[in-house]
Amino acid sequence: MKKNQTIRNNTTGETLTMLVSDEDNKGLSHLYEVFLPPHRPSPPLHYHVDFTETFAVKQGKLDFYEDRDQKHRLLQAGESATAQIRQPNRFANNHDEPVTFTVNTKPADGVVKAFQLAYGISNDGGAARDGLPKNLIARLVFVKTTQGYLPGIPRTLQRIAFSCAALPARVTGLDKRWQLYFT
């Protein structure tokens, strides 16, 4: 994604705007802004092994959950929280007002590309109620692209599931069709 480009998930109303892209700093980090409408649930508890994520609230309130016990922190404008490598986390907007926050990943990662995929599939009518792909293969490819893992399930098993999803995506040509979302 290019700097200042915005993508929108028409199913959920959330948007992602790229502020600092790979091109801007040779992959050292991504900085993007997220807008979440009121009462937007979170992704499942997950962790990353290749990058940290810092969430900084610009406007509204963000519910941030960290560690396996999902300790809740309410982040308000001007506050931030960092999910370290291998630290389980998730976020949500459980409030009556929207929230706008930035996410800084160091080094740059696949999260933005994953959301390009998810939003594109959603906008083409392929979203589940949570706004992510309802097709299991697409959902697994999305998770693989985020480089996120679920705590409590061996990473090796998750990698096998991701590989199993990638094969039918290639064989059926889905992966080539999805390329149009990566602008």
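Index from 1, following the sequence. Because the structure is a prediction, the values reported are computed rather than measured.
- Side chains of T11 and S122: a donor on one and an acceptor on the other come within 3.5 Å.
- Using a 4.5 Å cut-off between side-chain heavy atoms of Ile, Leu, Val, Met, Phe, Trp and Tyr, with links allowed through other members, I121 and L180 fall into the same hydrophobic cluster.
- Hydrophobic clustering (side-chain heavy atoms under 4.5 Å, transitive across Ile, Leu, Val, Met, Phe, Trp, Tyr) groups L136 together with F142.
- Among residues two or more places apart in sequence or in another chain, the side-chain contact (heavy atoms from CB on, under 4.5 Å) test is passed with S80 by T54, A56.
- With sequence neighbours left out, the side-chain contact (heavy atoms from CB on, under 4.5 Å) criterion links K176 to no other residue.
- Residues D67 and Q87 bring a donor and an acceptor atom of their side chains to less than 3.5 Å of each other.
- E14 and Y119 are linked by a side-chain donor-acceptor pair at a separation below 3.5 angstrom, with hydrogens and angles left out of the test.
- For N10 against N123, the heavy-atom pair with the smallest separation is N-OD1, 2.7 Å.
- In terms of heavy-atom proximity, P98 sits nearest to P38 at N-CG, 3.8 Å.
- Here ring pair (Phe, Tyr, Trp, His ring centres under 6.0 Å) pairs that include residues 68-110, with residues two or more places apart or in two chains, are F55-F91, Y65-H72, F91-F101.
- With no hydrogens or angles considered, no side-chain donor-acceptor pair links N94 and H39 at under 3.5 Å.
- Surrounding CD of Q59 are at most 12 heavy atoms belonging to other residues, nucleotides or ligands under 6.0 Å away.
- Sorted by first then second residue, the salt bridge (Lys or Arg N to Asp or Glu O under 4.0 Å) pairs that include residues 71-83, not counting sequence neighbours, are E66-K71, E66-R73.
- Sorted by first and then second residue, the side-chain hydrogen bond (donor to acceptor under 3.5 Å, both in side chains) pairs involving residues 134-148 (not counting sequence neighbours) are D130-R139.
- Within the 3.5 Å criterion, the main-chain N or O of P37 finds a donor-acceptor partner in the side chain of N93.
- With hydrogens and angles ignored, the 3.5 Å screen pairs no side-chain donor or acceptor of D124 with any backbone N or O of G126.
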Tell me, with the steps shown, if E23 and K2 meet salt bridge (charged side-chain N to carboxylate O under 4.0 Å, His left out). CA-CA 8 Å; E23 296 170 356; K2 298 202 180 296; 3.2 Å; yes

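- Under the 3.5 Å distance criterion, with hydrogens and angles disregarded, no donor-acceptor pair is assigned to the side chains of H48 and D109.
- Chaining together hydrophobic side chains whose heavy atoms lie under 4.5 Å apart places L31 alongside L19, V20.
- Heavy atoms only, all atoms of each residue included: A118 and L132 are closest at CB-CD2, 3.9 Å.
- Between R159 atom CZ and Y149 atom OH the span is 4.0 Å, to the nearest 0.5 Å.
- Neither V49 nor L157 shares a network with the other; the hydrophobic side chains, linked directly or stepwise wherever heavy atoms of I, L, V, M, F, W or Y lie under 4.5 Å apart, form separate groups for each.
- A donor-acceptor pair under 3.5 Å is formed between the side chain of Q158 and the backbone N or O of I153.
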